[in-house]
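In what follows, a structure is listed as structure tokens, so that the remarks can point back to it.
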Amino acid sequence: MGEMAKKKDLFEAFKPLDGQVYQVLDKNGKIVGDEPKLSDEQLKEMYFYMLYTRVSDEKAVSLQRQGRMLTFAPVAGHEALHIGSAFALDKEDWVVPAFRETGIYLVRGMELHNIYLYWKGSEEGAVLPDGINMLPVSIPVGSQTLHGAGIGWAQALNEEKAATLTFFGDGATSEGEFHEAMNFAAVFKTNTVFMCNNNQYAISVPIEKQTASETIAQKSIAYGMPGIKVDGNDILAMYNITKHALDRARSGKGPSLIEAFTYRIGYHTTSDDPTKYRDQKEVDEWKKKDPILRFRKYLKSKKIWTEKYEEELQAKIKEMIKNEIKMAEAFTNPPAKAYFEYTYAEMYPYLKEQQEEMLACRKSKEDKE
Ligand SMILES: Cc1ncc(C[n+]2csc(CCOP(=O)(O)OP(=O)(O)O)c2C)c(N)n1
């Protein structure tokens with residue numbers, strides 16, 4: 001972390017009511033804040049994950065349009081938020097996502113075909129491999145923030161040197177669960193970091209109709225925890241602030257709220273038509289603030305990025321994605337356990353009965369074939 005970050009508590013230096021937005025890279029990729037000490041290899045890895053997230057996103061939309069995937073929630077524009085914050089995590093930390101966190105899953109080590117399986121409607125896509133401390137996608141808006149508070153509470157009670165990072169959108173801040181989670185976390189000093197992905201829309205509802213507060217970050221004041229508004233298209237700012245908040249939580253200093261200010265470039269989901277509620281000019285303006293382009297400019301100034309490097313990386317990623325799609329599409333007959341065994345620690349008798357019935361059905365079908 002940079003000199004200023006070492007000297008100052010970032011939450012003290014960038015108070016939400018002062019109207020400041022924490023930034024490290026300006027729109028031209030020039031350093032204007034605390035440059036984190038990351039090696040060239042780490043920076044390259046961050047760039048790889050940004051591109052992997054973007055290209056896999058575009059591919060998912062295309063697959064959905066071909067009828068090869070069900071509804072999908074695109075993440076284009078959120079790559080700095082995802083990759084910057086995910087790189088600040090330790091392996092022991094937990095992540096509690098909403099439904100638009102593809103980049104975080106990828107950095108944490110979930111394979112893309114499993115992410116695709118989820119959006120193809122398979123329960124297998126909701127199973128996180130052992131060793132990945134992350135919960136599955138959560139569709140009920142805001143509900144996961146309570147799980148974030150709960151896991152963070154367990155970490156605090158057990159005096160673990162680990163934290164929980166929970167994601168939610170600006171729309172989720174209007175749900176009761178968000179308020180319960182924030183209050184609980186502050187009162188019980190849980191190891192939770194609340195990360196609001198303020199992409200300015202909750203489907204068709206713009207942020208001005210969502211809250212009368214000037215910022216989401218300032219809501220932290222009412223609960224008695226620190227909050228900060230960050231440029232969510234700035235991967236280095238996202239890395240620094242998430243690391244700062246996680247370190248704080250891991251050392252028993254309690255929860256905090258980060259508002260990552262960004263923009264959803266694409267559809268809410270593939271079932272949405274954003275042209276019905278927002279102006280293309282607005283979208284075009286935000287496309288110019290693309291987080292990948294900004295980071296690329298920074299990498300170019302450090303002589304890490306070249307046209308040739310980009311070409312090779314794009315080719316490698318496209319090949320990887322092709323193979324991941326093959327794996328996802330080869331998975332046509334989910335094991336019967338997928339539907340029954342993942343909700344409760346011990347299956348209820350009626351679930352056992354249903355599972356047996358399904359297995360019997362499958363067997364009789366196979367016998368006939
Ligand atoms: C409790 C609940 N109400 C409504 C919905 C339908 N719904 C799905 S996503 C969404 C908007 C969420 O917006 P936001 O929290 O800002 O997240 P974003 O989609 O922008 O990432 C709504 C209303 C839902 N899934 N759950």
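We count ligands from 1, going down the list as the structure has it; atoms in each ligand are counted the same way. The first residue in the sequence is number 1, and the count goes up from there.
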*Does some non-hydrogen atom of Phe168 fall short of 4.0 Å from ligand 1?*
no
*For atom NZ of Lys59, is the number of surrounding heavy atoms from other residues, nucleotides or ligands below 6.0 Å larger than 12?*
no
_Side-chain ion pair, Asp273 and Lys276, N-O less than 4.0 Å_ = yes
*Protein heavy-atom partner closest to atom 25 (N) of ligand 1 - residue, atom, separation in Å*: Ile139 O, 3.0 Å
_Can you tell me which portion of His268 lies within the under-4.0 Å heavy-atom range of ligand 1? Options are side chain, backbone, both, or neither._
side chain
*Does a salt bridge link Asp90 with Lys161, judged by any charged N lying under 4.0 Å from a carboxylate O?*
no
_Min N/O separation Pro140 to ligand 1 under 3.5 Å_ = no
_Closest protein heavy atom to atom 14 (P) of ligand 1, given as residue, atom name and distance to 0.1 Å_ = Gly171 N, 3.5 Å
*Around atom 3 (N) of ligand 1, find the nearest protein heavy atom and jot down its residue, atom name and distance.*
Glu175 OE2, 4.1 Å
*Around atom CD of Glu357, are there more than 12 heavy atoms of other residues, nucleotides or ligands at under 6.0 Å?*
no
*Considering only NZ, NE, NH1 and NH2 on the basic side and carboxylate oxygens on the acidic side, decide whether Asp40 and Lys44 come within less than 4.0 Å.*
no
*If you measure from each heavy atom of Arg264 to ligand 1, is any distance below 4.0 Å?*
no
*What protein heavy atom sits nearest atom 21 (O) of ligand 1, and how far off is it?*
Arg100 NE, 2.8 Å
*asked:* So if I count the atoms of ligand 1 from 1 in the order they appear, which ones are less than 4.0 Å from some heavy atom of Asn197?
replied: 21 (O)
*Can an N or O of Phe99 be found at a distance shorter than 3.5 Å from an N or O of ligand 1?*
no
*Can you label the angle between the Phe295 ring and the Tyr298 ring as parallel, tilted or perpendicular, going by 30° and 60°?*
parallel
*Do Tyr47 and Glu310 have a side chain donor and acceptor closer than 3.5 Å?*
yes
*Within a radius of less than 6.0 Å around OH of Tyr277, do more than 12 heavy atoms belonging to other residues, nucleotides or ligands occur?*
yes
*asked:* Whether Arg294 and Asp290 form a salt bridge (side-chain N of Lys/Arg under 4.0 Å from carboxylate O of Asp/Glu) is what I want to check.
replied: no
*How does Ala202 reach ligand 1, if at all, at less than 4.0 Å between non-hydrogen atoms: by side chain, backbone, both, or neither?*
both
*Specify side chain, backbone, both or neither for Asp170, according to which of its non-hydrogen atoms lie closer than 4.0 Å to ligand 1.*
both
*Proximity winner for atom 22 (C) of ligand 1, if only heavy atoms of Thr262, Ile203, Ile207 are counted*: Ile203
*Nearest protein heavy atom to atom 7 (N) of ligand 1, by residue and atom, and its distance?*
Val141 CG2, 3.8 Å
*Parallel under 30°, tilted from 30 to 60°, perpendicular over 60°: which one fits the rings of Phe194 and Phe168?*
perpendicular
*asked:* On the six-membered ring of Tyr267, is Arg65 placed so that its NZ or CZ lies under 6.0 angstrom from the centre and within 45° of the ring axis?
replied: yes
*Is any heavy atom of the protein nearer than 4.0 Å to atom 1 (C) of ligand 1?*
yes
*asked:* Quick test of your reading of the structure: of Ser143, Gly169, Gly142, whose heavy atom lies closest to atom 17 (O) of ligand 1?
replied: Gly169
*For atom 15 (O) of ligand 1, closest protein heavy-atom neighbour*: Ala172 N, 3.0 Å
*Go through ligand 1 atom by atom and flag the ones less than 4.0 Å from a non-hydrogen atom of Asn199.*
18 (P), 20 (O), 21 (O)
